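Structure record follows, encoded as structure tokens.
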Amino acid sequence: MDSYDHKSIEKKWQDKWESDGMYCADENSTKPKKYVLDMFPYPSGEGLHLGHVENYTATCIYSRYLRMKGFNVMHPIGWDAFGLPAENYAIKTGIHPDQSTHQNIKNFIAQMKGLGFSSDWTREIDTSSPEYYRWTQWFFLLLYKNGLAYKKKAKVNWCESCKTGLANEQAQGGLCERCKNTVIQKDLEQWFFKITDYADDLINDLDKVDWPSSTVAQQRNWIGRSEGVEFSMSIDGTDTSIAVYTTRIDTVFGMTYVVLAPEHPLVETLLSAVKNKSEVEGYIQASTKKTELERTELAKEKTGVVLEGILAINPFTKKPVPVFLGDYVLGNYGTGAVMAVPAHDERDFEFAKKYNLSIVPVIDGFDGSEAYIKDGTLINSGEFSGMLSEEAREKMASWLLSEESGFKKVNYRLRDWLISRQRYWGAPIPVIYCTMCGEVPVPEKDLPVLLPKDVDFHPTGESPLRQSKSFHEVLCPKCGMKATRESDTMDTFVCSSWYYFRFADPKNDKEFASREKIEKWLPVDMYMGGAEHAVLHLMYARFFTKVLKKLDYIDFDEPFLKVCHQGMILASDGRKMSKSLGNVINPNELVEKFGADTLRLHEMFLGPLEDMKAWNSDTIIGPRRFLERAWKLKNKLQQTTDNEQQENQKLDTILHKTIKKVTDDIESFSFNTAISAMMMLINEMEKAPVVSSEHYEIFLKLLAPFAPHISEELWSAVGNTESIHLSPWPVFDGTKIVESEVTIAIQVNGKMRDTIVVPADAEEDVIKGMALARPAVAKWVDGKDIKKVIVVKGKIINIVVGETPL
RNA sequence: GCUGGAGUGGCGGAAUUGGUAUACGCGCCAGUCUUAGGAACUGGUACCGCAAGGUUUGGGGGUUCGAGUCCCCCCUCCAGCACCA
């Protein structure tokens, strides 16, 4: 018989599936829907890498399985096409991003089709197309109208290399998310989305979703809810006061000084009264020069300067304490000022030691060697002494409230989302500035605000769009006078915050998606993509969904019911694959040599989907052999006689066990074990005297989601005319799984000594008798005192013996 | 430091509610067929031991008839956050 030639088979079926429109989601179907989504790719010039293949194979398997199970599956694909790399490429080569992006998309499509991914190509979207970004701009206006988009001057993260502002989430650890350069703080007027309004919902609703625990934890940490007290301290001899925020109001009697962030707005006011003015000014200057990285990660040594002549009054003790500036206090968290309790806070302790400030313990347990930060019994705290921390916090907060000098306060580390980018390749922010009318949003009817082409992309720190006269110089939509257009573009994460709605209704030119279509398809049932988006895309998208819910566009509040992350695929040396290391494996070559089916199987067989895995090109031969054997098995199909069918009882049991195993494993995304179960099945089928075509077809169906081409080919070769991918998923027969005989292990004192085969329904006494009759058991039991026998039906018998004192 | 996760053969990794640890695959060893094979097939392969047997799931305790799995302590590794008061 012919040999397994993956090249001709794979091409043949890919073309057929495409012309048949096999994987298009059906708008009119009455079947229950499933929305299976991948984090859509950025179409980079490098093309698909092994991580993409892993991601899309997993969702492809799941989608194909669900279709066979009888679901109406939507499994769309699109392009997250705006972004820095295309622009940087344009700067280097002079090729317009629009052109290079489209070339890259073509390449991606060819690669994805070559891997047999069952995407619905009729719903393809491209965030850089005007038909799409028109609605991205519409979302901006929606947020603007509802007070959720605002412009303000603020210290923002600024990447000197990318020459643009960045959101907090994109400047983690003080490094630019894109280029890993150090981020500095710059005073700029920028647009923000008020994601902080949704901080509580974003935390609380995490309980509603089925997400990886680490991702949920990361979002919780990032949002960083903390409950405490804000209170004000009057400044001695003035009518001004300093507000401070603390979660440990129970330690307030131990406050020995106050620290303000160097950028605290009050500093300027106080400066006139400060005696060491020039010293203070010098400190402020030095600390603003520091990068975020220097202030945080590297700032092990705390620095500060006292404001001589300034004293703040502790409202509880009425005693004055000195006031410092210190850049270990962050200007943009809480009130930008803290009460310092060195006895019970590590940072304050360190600072107090360095500047020789007094340390007053107010929680029992402080021994002077280090800060005692645990809760405990209050001491030296006036009327609050003797209380436990928790009680004291309540009582003190009430006291402050009654004195009208403080209140309970919840703070978040989450900041509003800075969305202005001083870059070219993004959706223009739809706002116009008029000298008469001020800030005027572009009217909806004028959308999209088209991205101009007549600009130089080189980033200068000012948006390139400003160079385009036709774009920049406009008339005010309100008064018709000369005005200028906002020239910044939006963060690309804005584009990807709503794309999963668009897939439900990708061609709609009246709305971002119709309510009807959204209700039909959303929310996403299964969302798969990299874990690096845990606090970026996944949080922004949740924010958008919550806004739509609140404004009654939709009736659910979480977009992604289940999220799964594929683990990163490393090079065989355990390092990241990268061009500079020259250790990148190109999937094209593997498809060419081994076939798409083999590559798909191999990536899934490498290990648990969510684990990080090192690539191994040597072991791909295993899955290839498996497929070869599946191919050859066709030769073994014979017209089976009734007699032989009877002999095949054993195979029947194994087959049905495999159906159950593969089904369960696909449901739980445990593809590596599903494949191993199929390998075991084929081992058995090869050993069996005869394989019926009925058995073989069931095997092919199990294999179909994993290796769609070869299973389709073999399915057709055994005489089927309709696609295997439209055939129903096999159902396991519980009665066939029950075996008539079982092997049970015999233990003596917990040690395995022998096994016996008994009827599945054998009584305990029978098993016991049989076990004791075994020589290998008798050897350990004879002459001993049998103290106890534990029988677990179908599994094990444990005979507990003791030494007989003879 | 905090949060989340993981430590099982030469390697990737399996193990329902605690119930035969090392499935499946790679590699390796032996054999068959071949002019030859880096092809295919058959058998073997946790470790020590000739064997009987003993020992093994990062280390140490514990619960249990029985622990990779549950509890306590410790070590190591990975990922994320990192002066958030």
Side-chain angles (χ1 to χ4, degrees), chain A residues 172-174 212-222 224-226 228 244-249 251 259 295-300 302 326-330 332-341 344-348 350-351 373 411-415 531-532 534-535 565 567-568 572 574 601-602 605-608 610-623 625-626 628-629 632 661 664 670 672-683 686 743-755 779 787-801:
Chain A
Q172 293 183 25
S213 55
S214 65
T215 304
V216 170
Q218 275 186 65
Q219 287 215 358
R220 279 223 169 83
N221 283 347
W222 187 258
R225 187 189 150 96
S226 90
V244 297
Y245 173 74
T246 181
T247 54
R248 290 299 304 273
I249 191 67
T251 64
V259 191
R295 268 186 70 167
T296 58
E297 204 168 54
L298 302 178
K300 296 206 169 77
K302 303 214 175 339
D327 64 10
Y328 77 96
V329 174
L330 306 172
N332 52 3
Y333 181 78
T335 61
V338 300
M339 66 170 207
V341 183
H344 304 294
D345 182 280
E346 285 167 337
R347 296 150 302 186
D348 298 340
E350 194 193 324
F351 192 83
I373 58 171
N411 262 318
Y412 303 89
R413 25 169 308 164
L414 182 69
R415 313 284 157 72
E532 69 275 14
V535 292
H565 303 302
M568 200 190 302
S572 50
L601 273 175
H602 181 52
F605 191 56
L606 227 41
E610 62 282 6
D611 283 11
M612 191 186 277
K613 295 167 281 274
W615 179 255
N616 188 338
S617 288
D618 298 333
T619 53
I620 194 171
I621 191 69
R625 280 179 193 150
F626 166 65
E628 300 262 11
R629 290 161 68 195
K632 281 184 199 153
K661 175 77 177 151
D664 291 348
S670 178
N672 55 331
T673 51
I675 293 168
S676 105
M678 289 189 282
M679 286 172 166
M680 282 156 80
L681 175 60
I682 206 162
N683 288 345
E686 282 178 341
T743 306
I744 69 171
I746 308 168
Q747 294 184 338
V748 179
N749 282 354
K751 276 193 172 35
M752 235 279 283
R753 295 301 182 188
D754 202 2
T755 58
K779 184 175 163 187
K787 296 196 155 163
K788 199 172 180 183
V789 178
I790 292 108
V791 180
V792 180
K793 271 197 179 179
K795 291 218 166 108
I796 206 163
I797 167 169
N798 190 10
I799 301 161
V800 186
V801 299

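What you are looking at is a predicted structure, and each value in this text was computed from that prediction instead of being measured.
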May I ask you to verify if any side-chain N or O of [X] is less than 4.0 angstrom from the OP1 or OP2 atom of [N]?
X	N	result
Arg625(A)	A40(B)	yes
Asn672(A)	A14(B)	yes
Lys632(A)	A40(B)	no
Tyr333(A)	A85(B)	yes
Arg753(A)	G54(B)	yes
Thr673(A)	A23(B)	no
Thr619(A)	G27(B)	no

Under 4.0 Å between any heavy atoms, over every strand shown, what does [X] touch: base, sugar-phosphate, or nothing? Just pick one.
X	result
Pro623(A)	nothing
Lys793(A)	nothing
Ile790(A)	base
Asp611(A)	nothing
Thr743(A)	base

Keeping the roles fixed (side chain from [X], backbone from [Y]), state whether a donor-acceptor pair exists under 3.5 Å.
X	Y	value
Asp611(A)	Lys613(A)	no
Asn749(A)	Val801(A)	yes
Asn672(A)	Leu606(A)	no

Between atom [atom1] in [X] and atom [atom2] in [N], what is the gap in whole Å?
X	N	atom1	atom2	answer
Glu628(A)	C26(B)	CD	C1'	16 Å
Glu346(A)	C83(B)	CD	P	13 Å
Asn616(A)	G25(B)	CG	P	16 Å
Phe605(A)	C24(B)	CZ	P	10 Å
Lys613(A)	A14(B)	NZ	C1'	15 Å
Leu601(A)	C24(B)	CG	C1'	13 Å
Glu532(A)	C81(B)	CD	P	12 Å
Gln219(A)	G80(B)	CD	P	16 Å

With side chains defined as the heavy atoms from C-beta onward, is the minimum distance between [X] and [Y] less than 4.5 Å?
X	Y	result
Ile796(A)	Ile744(A)	no
Glu350(A)	Tyr328(A)	no
Ile790(A)	Val800(A)	yes

Go through [options] for me and flag the one nearest to the [X] side chain.
X	options	result
Val329(A)	A85(B), G66(B), G25(B)	A85(B)
Gln747(A)	C41(B), G19(B), G80(B)	G19(B)
Met679(A)	C78(B), A40(B), C24(B)	C24(B)
Lys661(A)	A15(B), C65(B), G5(B)	A15(B)
Ser676(A)	U20(B), C24(B), A79(B)	C24(B)
Val792(A)	G5(B), C24(B), G19(B)	G19(B)
Met680(A)	G80(B), U20(B), C24(B)	C24(B)
Ile621(A)	A85(B), C26(B), A21(B)	C26(B)
Val338(A)	U20(B), C81(B), A85(B)	A85(B)
Thr247(A)	G4(B), A21(B), A85(B)	A85(B)

State the pairing partner of [N]; accept Watson-Crick or G-U wobble contacts with both distances under 3.5 Å, and report none otherwise.
N	result
C41(B)	G31(B)
A23(B)	none
A6(B)	U76(B)
U64(B)	none
C81(B)	G1(B)
A51(B)	none

Would you measure the distance from the [atom1] atom in [N] across to the matching atom in [M] and give it in whole Å?
N	M	atom1	answer
A36(B)	U22(B)	P	39 Å
G43(B)	C24(B)	P	12 Å
U57(B)	A21(B)	P	12 Å

Q. Closest nucleotide of RNA chain B for Gly607(A) versus for Val800(A): which of these residues is on the 5' side?
A. Gly607(A)

**Q.** Given RNA chain B, 5'-ward residue of the pair Thr246(A) and Ile797(A), judged by closest heavy atom
**A.** Ile797(A)

Q: Could you list the residues that satisfy side chain to side chain contact (heavy atoms under 4.5 Å, CB included) with Val341(A), not counting sequence neighbours?
A: Thr251(A), Met255(A), Met339(A), His344(A)

Q.
Would you compute the distance between atom OH of Tyr245(A) and atom OG1 of Thr335(A) and round it to the nearest 0.5 angstrom?
A. 10.0 Å

Q.
For C83(B), does the base pair up with any side-chain atom of Lys302(A) as donor and acceptor (N or O, under 3.5 Å, distance only)?
A. yes

Q) Would you say the side chain of Lys795(A) and the base of U17(B) hold a donor-acceptor pair, judged only by whether the two atoms sit under 3.5 Å apart? A) yes

Q. Is atom CD of Glu346(A) surrounded by more than 12 heavy atoms (other residues, nucleotides or ligands) closer than 6.0 Å?
A. no

**Q.** Chi-angle category of G5(B) [syn within 90° of 0, anti beyond]
**A.** anti

